[in-house]
Amino acid sequence: MAFPVEIQDCIFQELEMHDLPPVLRVNSHFNAIATRILYRIIPELPMRRCIACLKVLCSNPANAALVRKLSVDWSSHRVVANLFRLLRDTLTHLTALRHLSIELSPQDNHYSLAWVLHGCRSRLRTLGTSIRCDPQLAAVLETQPDLIELCLRGFQTKQPFTISQDAMPVLKMFRAVHAGPAVISSVVRGRPLEVISLSMFIEDGFSPLDSLLHSSRPIKRLTIMSLDNTPPNILLPEIANRLPKLEALHVVVLMAMFDRQTLHDSSPTLSRFSDLRYLTFMAAGSASVEDEGEIARTWGKACPTLRTIILPKGKVWFERDGKWMCCG
């Protein structure tokens, strides 16, 4: 008794990519199923294989129509214009593409390359790119009404990055790596964002946090990479004043030192969070595991809604039977 096509599809999905080519050669029925799986998700490939794959997609519209997710990583290569044109032309054929990631080299990221995305005619749900944040990239985002998740890893320029409030109406998740307050504010303003990750630089102060106030919904999850020397007993109050409805907060401080007393003094701030359940705070310091246990108990008392706390030693602290204990 033959399995239905749907069952065969599920079975073949469990195969590794390198196991699919032999399946393609079994018969026409297996070939159709394996081809569909093989092209559904195209991961990051070495440069030669990536170029060959893009050429196949350009020359075979039937296979191109199967692609749902494409990841391109050229971060280790300086790319010539013809290759960028090949990528643009490929995107015009990927009519069913829903997830796109493009990572370019630091050298190429200094140029305006958003024109590569102008060929994308599909309605993306997720987009991640290191292409610099300039007006051309903003224009691309205007054409993507179904975007739910956006990651901008590119540099911010002095050119205006303006996005109309009607664009990206269902955007829920946003990550900015190098972008400053202007780009963050333009993306966040008027959109129903709930999950945000950003970097804070010393020259921007707390302006990136001010930008988050423009979301049309309360921010639920926030991740911060702090690249200035603001101590936690100052940073946490600034976050609490603006986003008291957070459910999850993850903070990584790269330049500021902390000690047991500094973290202990931050506990009154946590009482301002009404719904905080998950808290991560990573920074350089000298607190011992025993010190972190005391900090977890103090923070848990200040913020009764907390369920887990992760401190710099990397241990996960959680409450059980009224006592805070750790694992990890």
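Here the structure is a predicted model, which is why all the values come from computation and not from measurement. Quick note: numbers below take in every heavy atom, side chains included, and nothing from hydrogens, waters or symmetry partners.
- Two residues are said to be in side-chain contact when any heavy atoms from C-beta on lie closer than 4.5 Å; Q136 and W115 fail this criterion.
- H250 and T223 form no side-chain donor-acceptor contact under 3.5 Å, judged by distance and modelled atom types alone.
- With a 4.5 Å cut-off on side-chain heavy atoms, L38 and L66 do not count as touching.
- The backbone N or O of E294 lies less than 3.5 Å from a partner atom in the side chain of T298, making a donor-acceptor pair.
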**Request:** Any chance you could lay out the side-chain hydrogen bond (donor to acceptor under 3.5 Å, both in side chains) test for S288 and D291, step after step, and finish with the verdict?
**Result:** CA-CA 5 Å; S288 64; D291 291 335; 3.2 Å; yes
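- Using a distance-only test at 3.5 Å, with no hydrogens or angles considered, no donor-acceptor pair links the side chain of S211 to the main chain of I184.
- Listed by first and then second residue, the side-chain hydrogen bond (donor to acceptor under 3.5 Å, both in side chains) pairs involving residues 140-149 are R123-D146, E142-S164 (not counting sequence neighbours).
- Here the side chain of S130 pairs no donor or acceptor atom with the backbone of G154 at under 3.5 angstrom.
- Inter-residue side-chain proximity for I310 and L279 is flagged as unmet; no heavy-atom pair is nearer than 4.5 Å.
- Put simply, the side chain of Q165 never gets that close to the backbone of G190: no donor and acceptor are under 3.5 Å apart.
- Side-chain polar atoms of D204 and S207 form no donor-acceptor pair below 3.5 angstrom.
- Salt-bridge annotation for E319 and K323: absent, with no side-chain N of the basic residue lying under 4.0 Å from a carboxylate O of the acidic one.
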**Item:** Steps toward side-chain hydrogen bond (donor to acceptor under 3.5 Å, both in side chains) verdict (T157, D134)
**Value:** CA-CA 6 Å; T157 69; D134 57 18; 5.9 Å; no
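- The shortest heavy-atom contact between S266 and L236 is CB-CD1, 3.8 Å.
- A donor-acceptor contact shorter than 3.5 Å is absent between the side chain of S186 and the backbone of A182.
- Between E194 and R217 there is a salt bridge, since at least one side-chain N of the basic residue sits less than 4.0 Å from a carboxylate O of the acidic one.
- Taking NZ of K245 as the reference point, atom CD of E247 lies at 10.0 Å (rounded to 0.5 Å).
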**Item:** Intermediate values then yes/no, side chain to side chain contact (heavy atoms under 4.5 Å, CB included), L127 and L141
**Value:** CA-CA 9 Å; L127 172 63; L141 298 180; 3.8 Å; yes
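- Taking OG of S122 as the start and CZ of R68 as the end, the distance is 10.0 Å to the nearest 0.5 Å.
- Residues V251 and I239 approach most closely at CG2-CD1, 4.3 Å, considering heavy atoms.
- Taking the side chain as every heavy atom from C-beta outward, K69 and S71 approach each other to under 4.5 Å.
- Using a distance-only test at 3.5 Å, with no hydrogens or angles considered, no donor-acceptor pair links the side chain of R320 to the main chain of F318.
- Residues N60 and L57 fail the side-chain proximity criterion, which asks for heavy atoms closer than 4.5 Å.
- Between T129 and L152, the closest side-chain pair of non-hydrogen atoms falls below 4.5 Å.
- With hydrogens and angles ignored, the 3.5 Å screen pairs no side-chain donor or acceptor of T90 with any backbone N or O of C58.
- Panel note: side chain N109, backbone L104; a donor-acceptor pair is recorded below 3.5 Å.
- When side chains are defined from C-beta on, I42 counts as touching V67, because their heavy atoms get closer than 4.5 Å.
- Scanning all heavy atoms of the two residues, the minimum distance from D108 to L113 falls at O-CD1, 3.3 Å.
- One N or O on the side chain of E292 and one on the backbone of K313 form a donor-acceptor pair closer than 3.5 Å.
- In this structure, the side chain of R191 engages the main chain of A167 through a donor-acceptor pair within 3.5 Å.
- The aromatic rings of F281 and W299 sit perpendicular, their planes meeting at an angle over 60°, well past the 30° parallel limit.
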